[in-house]
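Okay, so here's the structure we're looking at.
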Amino acid sequence: MRHAPFAVLVVLLVSALEPAPSAQNAPATSVTVVKPARVFDGDAMHEGWAVRVKGDRIDAVGSAASVTAADARIVDLPGTTLMPGLVGGHSHVLLHSYNETSWNDQVSREGLALRAARAVNHLRATLTAGFTTIRDLGTEGAQYADVELKQAVNQGIIPGPRMLVSTKAIVATGSYQPKTFVLQWTIPQGAEEADGVDSLIRVVRDQIGKGADWIKMYGDYRWGPLPGSHPTFSLDEMKLAAETAKSAGVPIAVHANTAEGMRRAALAGVETIEHGGEGTPEVFKLMAERHVALCATITAGAGPWPPVNPDSPAAQRKRASFKAALAAGVTILNGSDVGTFPHGDNARELEAMVAYGMPIVDTLKSATSVAARVLHMENQIGRVKEGLFADLVAFDGDPTRDISALRRVKFVMKNGTIYRQP
Ligand SMILES: [Zn+2]
């Protein structure tokens, strides 16, 4: 009896520590039937469909009458559209909004454990916003914390999306930042410097050895005496990195805003180009021919979406370059650079793509079936299809008619485990 109050306290503590919202773990044999109003399967809409989930996999998909439900847990989701879990192709879970703290101060004044603690919240916010897979493109000074956060998610220690990680990212010596300190100080950079044959090969291999699923390189950056971005790595350096990574089955993503940086990346055999803000019709044509996808990150940065001034020169340039990419037939991978703005607000990139002229169903594919293909995960995720992982999300309304439905998340399942439901 003396211990009763302690036991009560433990129960209270445990319930207070549960991740909110709490997850319901699915045993391997558990069967769930999800009954939305309609299913967007990653390609097309199907009215009146239901989905059966067994363990961590999608077990059956089809008309509600054909998907039997004996002994299954039933999740009724009237009025909703069920979709494959959304994919974010360009995130930084170890950054928080630049509105709160500048990049410089995050990298140089916030310690590793502090940043990892924030990232735990970011991962939960991402998952409960309906994003069940992310490709995280660089820890920005937080070492290999992305690899370890991925382990924490995969071991069920914290809730979060499936993660593809890239560790430190690679920059050319002298091109990156922080830059604001006295020159006699050697300042650790927000990414790993490498150049030329020996050091590039070693750093690419080292990052792969540490757990990088993708290599991220900066093909240009704001450096040198002139304003704006300028190319960094030579074509030969990028080719070397791409070839080295390819040996291990690791693809390369290149940050490039300048047409020349993009051209070198496309010719070097990289798989995605990030940002592409100054892309020309010629360079987008080259990307389309060489099957290089674009992560446009239209909504990157601390500014709000929609922008306060949609007709500013910067917004006009971004809109024009995105339209040129669409016109050239470039494959678009949804990716927002979230982390520069708050995690959980990831859907704003899809709203931006629609606002800038991308057909709404193509926009949804860029975050589901097309995203899975670009990330080499089409046999695991990206469609509501028998045999794939049960990553399923439901939104109130129909996002193929109104993209803002993506803001009305009603249901999130990852690997057969429910993280959010009405
Ligand atoms: Zn980024």
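This one's a predicted model, so the numbers in the text were calculated from it and none came from an experiment.
Defined by atom type and a distance below 3.5 Å, a donor-acceptor pair is missing between the side-chain atoms of Q106 and T101. Judged by distance alone, the side chains of H376 and E271 do bring a donor and an acceptor atom under 3.5 Å apart. Residues T81 and R38 bring a donor and an acceptor atom of their side chains to less than 3.5 Å of each other. Side-chain contact annotation: H230 with D220, donor-acceptor N/O pair under 3.5 Å absent. Side-chain contact check for D136 and H92: no donor-acceptor pair (N or O, by modelled atom type) lies under 3.5 Å. One side chain, H275 or T297, offers a donor N or O that lies under 3.5 Å from an acceptor on the other.
Not counting sequence neighbours, the partners of T331 by the side-chain contact (heavy atoms from CB on, under 4.5 Å) test are A293, V370, R373, V374. Residues passing the side-chain contact (heavy atoms from CB on, under 4.5 Å) test with A242, sequence neighbours excluded: I252. Scanning for salt bridge (Lys or Arg N to Asp or Glu O under 4.0 Å) contacts around D198 gives an empty result, with sequence neighbours left out. K210 is linked by a salt bridge (Lys or Arg N to Asp or Glu O under 4.0 Å) to D206, counting only residues two or more places apart in sequence or in another chain.
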Using distance only, find each side-chain donor-acceptor pair of residues 113-120 under 3.5 Å and give its atom names and separation, not counting sequence neighbours.
unit_1, atom_1, unit_2, atom_2, d
R115, NE, L94, O, 3.2
R115, NH1, E140, O, 2.9
R115, NH2, L94, O, 3.0
R115, NH2, T139, O, 3.1
R115, NH2, E140, O, 3.0
R118, NE, H96, NE2, 3.4

Pairs under 3.5 angstrom only: tabulate donor-acceptor contacts from the side chains of residues 387-401 to other protein residues two or more places apart or in another chain.
unit_1, atom_1, unit_2, atom_2, d
D391, OD1, R162, NH2, 3.1
D391, OD1, N415, N, 2.9
D391, OD2, R162, NE, 2.9
D391, OD2, R162, NH2, 3.3
D398, OD1, T400, N, 2.8
D398, OD1, T400, OG1, 2.6
D398, OD2, T400, OG1, 3.2
D398, OD2, R401, NE, 3.1

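Classified by interplanar angle (parallel below 30°, tilted 30° to 60°, perpendicular above 60°), the ring pair H122/H343 is parallel. Under the 30°/60° scheme for interplanar angles, the aromatic rings of Y221 and H255 are found to be tilted. Ring pair W103/Y176 is perpendicular by interplanar angle, where above 60° counts as perpendicular and below 30° as parallel.
Counting only distance, with no hydrogens or angles, the side chain of Q316 and the backbone of D311 share a donor-acceptor pair below 3.5 Å. Side-chain atoms of Q189 come within 3.5 Å of backbone atoms of P178 as a donor-acceptor pair (strictly under, hydrogens ignored). K216 places a side-chain N or O within donor-acceptor distance of the main-chain N or O of L137, the cut-off being under 3.5 Å. Of the possible donor and acceptor atoms, one in the side chain of N346 sits under 3.5 Å from a partner among the backbone N and O of G344. A distance-only check finds a donor-acceptor pair linking the side chain of R420 to the backbone of T128 [under 3.5 Å]. A distance-only check finds no donor-acceptor pair linking the side chain of S166 to the backbone of A169 [under 3.5 Å]. The main-chain N or O of V171 is never found under 3.5 Å from a side-chain atom of S175 such that the two would form a donor-acceptor pair. When atom types are taken as modelled, the side chain of S91 and the backbone of V93 share no donor-acceptor pair closer than 3.5 angstrom. No side-chain donor-acceptor contact under 3.5 Å links S199 to the backbone of A194. Of the possible donor and acceptor atoms, none in the side chain of E351 sits under 3.5 Å from a partner among the backbone N and O of S404.
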message = salt bridge (charged side-chain N to carboxylate O under 4.0 Å, His left out) for D345 and R407? Distances and angles first, verdict last.
response = CA-CA 9 Å; D345 199 14; R407 302 290 187 166; 2.4 Å; yes

message = Checking E260 against R263 for the salt bridge (charged side-chain N to carboxylate O under 4.0 Å, His left out) test, could you report, in this order, the C-alpha distance in whole Å, the side-chain angles of both residues, the deciding distance, and whether it holds?
response = CA-CA 5 Å; E260 175 60 14; R263 189 185 71 83; 2.9 Å; yes

query = Yes or no on salt bridge (charged side-chain N to carboxylate O under 4.0 Å, His left out) for E243 and K239, after CA distance, side-chain angles and deciding distance?
reply = CA-CA 6 Å; E243 198 175 281; K239 273 186 179 164; over 6 Å; no

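When side chains are defined from C-beta on, M413 counts as touching I418, because their heavy atoms get closer than 4.5 Å. Considering only heavy atoms from C-beta on, L267 comes within 4.5 Å of L286 through its side chain. Considering only heavy atoms from C-beta on, R317 stays 4.5 Å or farther from E278 through its side chain. M353 is listed as a side-chain neighbour of N334, based on a closest heavy-atom distance under 4.5 Å. No side-chain heavy atom of D213 sits under 4.5 Å from any side-chain heavy atom of V250. The closest side-chain heavy-atom distance from K54 to S30 is not below 4.5 Å. Taking the side chain as every heavy atom from C-beta outward, L375 and L164 approach each other to under 4.5 Å. Inter-residue side-chain proximity for F40 and H46 is flagged as unmet; no heavy-atom pair is nearer than 4.5 Å.
Annotation: the span from I381 atom CD1 to R383 atom CZ amounts to 11.0 Å, rounded to 0.5 Å. Rounding to the nearest 0.5 Å gives a distance of 4.5 Å between CG of N104 and OG1 of T180.
In this structure, R348 is positioned above the aromatic face of F341, its NZ or CZ under 6.0 Å from the six-membered ring centre and within 45° of the axis. For R135 and W214, the positive end sits near the middle of the six-membered ring, less than 6.0 Å away and at most 45° from its axis.
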